[in-house]
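Please read the structure below before turning to the comments.
Since this is a predicted model, take the numbers as computed values, not measurements.
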Amino acid sequence: QFFGVQTKQIPLNEKFEIDISDYEQENGGIIITNPNAPTSIALGLDKIEQVLKANPNRVIVIDEAYVDFGAESAVELVSRYENLVVCQTTSKSRSLAGLRVGFAIGQAHLIAAIEAVKNSFNSYPIDRFAIAAAVASFEDQDYFQEQCEKVIASREKLVANLTELGFNVLPSKANFIFATHSLHDAAQLAEKLREQGIIVRYFNKPRINQFLRITIGSDEQNQRLVDTLKMLIS
C-alpha cells in the first residue's frame, strides 16, 4: 500500500530507472543526466552503449555532474563513439560551485562544434582565477579521492539510518539521496524539518511528490537530521 492506495508491488528503483527502449526512436539528440537528478539513480555503461548504438547519427550528451560519487563514467567510451559528448563539472565533487567551471569531453569534431558556438551561448565565462583553482583541484587527486570517499561513506550510513526509520531510499550514486516514507506525507515532513532549521528539497510534481531530496552533509549534520526525523515520525 502507498498512502492507503493498493498498488502493484514494483520496486521503487525500477519505477524511476530510465527505459532504454524509449530512446530507440527518431529524435534530434539525447541528453541523459547520469546519475540522475533528483532520483540519484545511475545507469551502467552497458545501458549508455545501447543508447549510443541505437542513435549512431545523433549526438548523445551524458551529463556527469554527480559521477564521482560512485557511478561509472562514460569517458572511456568517447574514443569508440564519435557521437558522444561527456560533460562534467567542478561544482560538486571538487567543491568549486561558485567558480562555475565545467568541461566537455568528446572527439575533435564535436569539441570543435562546441567551440564554434560557445561564446554566443555561454552565460558563465570563466576567469583566470577560476581556471587556476580548477587546475589545482585536478592536481590534488589524493584530497579529491578522500573527500569523495567521505561523502560515499556518510551517504551509506544515512541510508541505513533512514531505512531503520521506515524510509524507502532509492539506490544513490550521487551526493544526495531520494527518500520516501509510506506513512508520512513528504510535504509535511519537509515543512516540519524546516521549522527545526533543517532544509531538504521537496518537489510538488507528479510521481515524485512523496519524495524528499536530501543532500549528504557531515556526519554531525546527518545525525541531526536522523534524530529530528525520529522525533517527527514517532
- Message: Using the rule that Ile, Leu, Val, Met, Phe, Trp and Tyr join whenever any side-chain heavy atoms are under 4.5 Å apart, tell me whether Leu162 and Val151 fall into a single cluster.
- Response: yes
- Query: Checking side-chain contact (heavy atoms from CB on, under 4.5 Å) for the pair Ile30/Val61: CA distance, chi angles, key distance, verdict?
  - Reply: CA-CA 6 Å; Ile30 296 170; Val61 178; over 6 Å; no
- Please name all residues satisfying side-chain contact (heavy atoms from CB on, under 4.5 Å) with Asp127, sequence neighbours left out, ordered by chain then number. Phe129, Ala130
- Query: Can you name the closest pair of heavy atoms from Ala133 and Leu99 and give their distance?
  - Reply: CB-CD1, 3.4 Å
- Task: Could you tell me which residues satisfy salt bridge (charged side-chain N to carboxylate O under 4.0 Å, His left out) with Lys157, sequence neighbours excluded, listed by chain and number?
- Result: none
- Would you sort out whether Val59 and Leu110 count as a side-chain contact (heavy atoms from CB on, under 4.5 Å), showing the intermediate values? CA-CA 9 Å; Val59 175; Leu110 291 178; 4.1 Å; yes
- Item | Gap between atom CG of Leu96 and atom OG of Ser137 - 0.5 Å precision | 5.0 Å
- When every non-hydrogen atom of Ser172 is compared with those of Ala174, the smallest separation belongs to OG-N, 3.1 Å
- Message: Tell me every residue that passes side-chain contact (heavy atoms from CB on, under 4.5 Å) with Ala179, counting only those two or more places apart in sequence or in another chain.
- Response: Phe167, Val169
- Do any pairs count as a ring pair (Phe, Tyr, Trp, His ring centres under 6.0 Å) and have a residue in residues 55-78, sequence neighbours left out, and if so which ones? Tyr66-Phe176
- Minimal heavy-atom distance between Ser40 and Pro35, with the atoms involved, is O-CB, 3.9 Å
- Between Val85 and Val75, is there a shared hydrophobic cluster once you connect ILVMFWY residues whose side-chain heavy atoms come closer than 4.5 Å? no
- Query: Considering residues at least two apart in sequence or located in another chain, which fulfil the side-chain contact (heavy atoms from CB on, under 4.5 Å) criterion with Ile18?
  - Reply: Ile20, Tyr23, Ile32, Leu43
- Salt-bridge criterion met for Glu24 and Lys53 (N-O under 4.0 Å): no
- Item | NZ on Lys92 to SG on Cys148, rounded to 0.5 Å | 13.5 Å
- Task: Rounded to the nearest 0.5 Å, what's the gap from CG on Leu84 to CD on Glu82? Could you check?
- Result: 11.0 Å
- Message: If we count only N and O atoms by modelled type, under 3.5 Å, do the side chains of Ser154 and Asp219 hold a donor and an acceptor together?
- Response: yes
- Can you list every ring pair (Phe, Tyr, Trp, His ring centres under 6.0 Å) pair that touches residues 144-165, not counting sequence neighbours? none
- Of all heavy-atom pairs linking Ala104 and Ile114, the shortest is CB-CD1, 4.1 Å
- Item | Results of side-chain contact (heavy atoms from CB on, under 4.5 Å) for Ala187 - residues two or more places apart only | Asp185, Tyr202
- Please test Ile131 against Val101 for side-chain contact (heavy atoms from CB on, under 4.5 Å), starting from the C-alpha separation and ending with a verdict. CA-CA 8 Å; Ile131 293 173; Val101 178; over 6 Å; no
- Tell me the salt bridge (Lys or Arg N to Asp or Glu O under 4.0 Å) pairs involving residues 136-152, sequence neighbours left out? Glu146-Lys150
- Item | Spacing of Ile60 atom CD1 and Asn27 atom CG [to the nearest 0.5 Å] | 6.5 Å
Distance-only donor-acceptor hits, side chain of residues 221-234, under 3.5 Å, sequence neighbours excluded:
residue: Gln221; atom: OE1; partner: Ser218; partner atom: N; Å: 2.9
residue: Gln221; atom: OE1; partner: Ser218; partner atom: OG; Å: 3.4
residue: Asn222; atom: OD1; partner: Gly217; partner atom: N; Å: 3.0
residue: Asn222; atom: ND2; partner: Gly217; partner atom: O; Å: 3.3
residue: Asn222; atom: ND2; partner: Ser218; partner atom: O; Å: 3.4
residue: Gln223; atom: NE2; partner: Asp227; partner atom: OD1; Å: 2.9
residue: Arg224; atom: NH2; partner: Gln196; partner atom: O; Å: 2.5
residue: Thr228; atom: OG1; partner: Arg224; partner atom: O; Å: 2.8
residue: Ser234; atom: OG; partner: Lys230; partner atom: O; Å: 3.4
residue: Ser234; atom: OG; partner: Met231; partner atom: O; Å: 3.0

- With sequence neighbours excluded, what pairs up with Arg80 under the side chain to side chain donor-acceptor pair (under 3.5 Å) test? Glu49
- Which pairs count as salt bridge (Lys or Arg N to Asp or Glu O under 4.0 Å) when at least one residue sits in residues 59-68, sequence neighbours excluded? none
- Neighbour count >12 (heavy atoms, 6.0 Å) for atom CD1, Ile31: no
- Assess whether side-chain contact (heavy atoms from CB on, under 4.5 Å) is satisfied between Ile208 and Phe178, documenting all intermediate values. CA-CA 9 Å; Ile208 62 172; Phe178 212 44; 3.8 Å; yes
- Message: Within this structure, what is the NE2-CG distance for the pair His184 and Leu189, rounded to the nearest 0.5 Å?
- Response: 7.0 Å
- Task: Answer with yes or no whether the side chains of Asn36 and Thr33 bring together a donor and an acceptor at under 3.5 Å.
- Result: no
- Query: Going by distance alone, is a donor N or O of one side chain under 3.5 Å from an acceptor N or O of the other, for Asn55 and Asn83?
  - Reply: no
- How many angstroms lie between CG in Leu212 and CD1 in Ile177, if you round to the nearest 0.5 Å? 9.0 Å
- Taking every heavy atom of Ser73 against every heavy atom of Gln88, the minimum-distance pair comes out as OG-NE2, 3.6 Å
- Task: State whether the side chain of Arg213 and the backbone N or O of Ala37 hold a donor-acceptor pair below 3.5 Å, judged by distance alone.
- Result: no
- Query: Between Ile62 and Ile48, is any pair of side-chain heavy atoms under 4.5 Å apart?
  - Reply: yes
- Message: Tell me if a side-chain donor or acceptor on Glu72 pairs with a main-chain N or O of Gly44 at a distance below 3.5 Å.
- Response: no
- Query: What ring pair (Phe, Tyr, Trp, His ring centres under 6.0 Å) pairs are there with at least one residue in residues 87-118, not counting sequence neighbours?
  - Reply: Phe103-Phe138
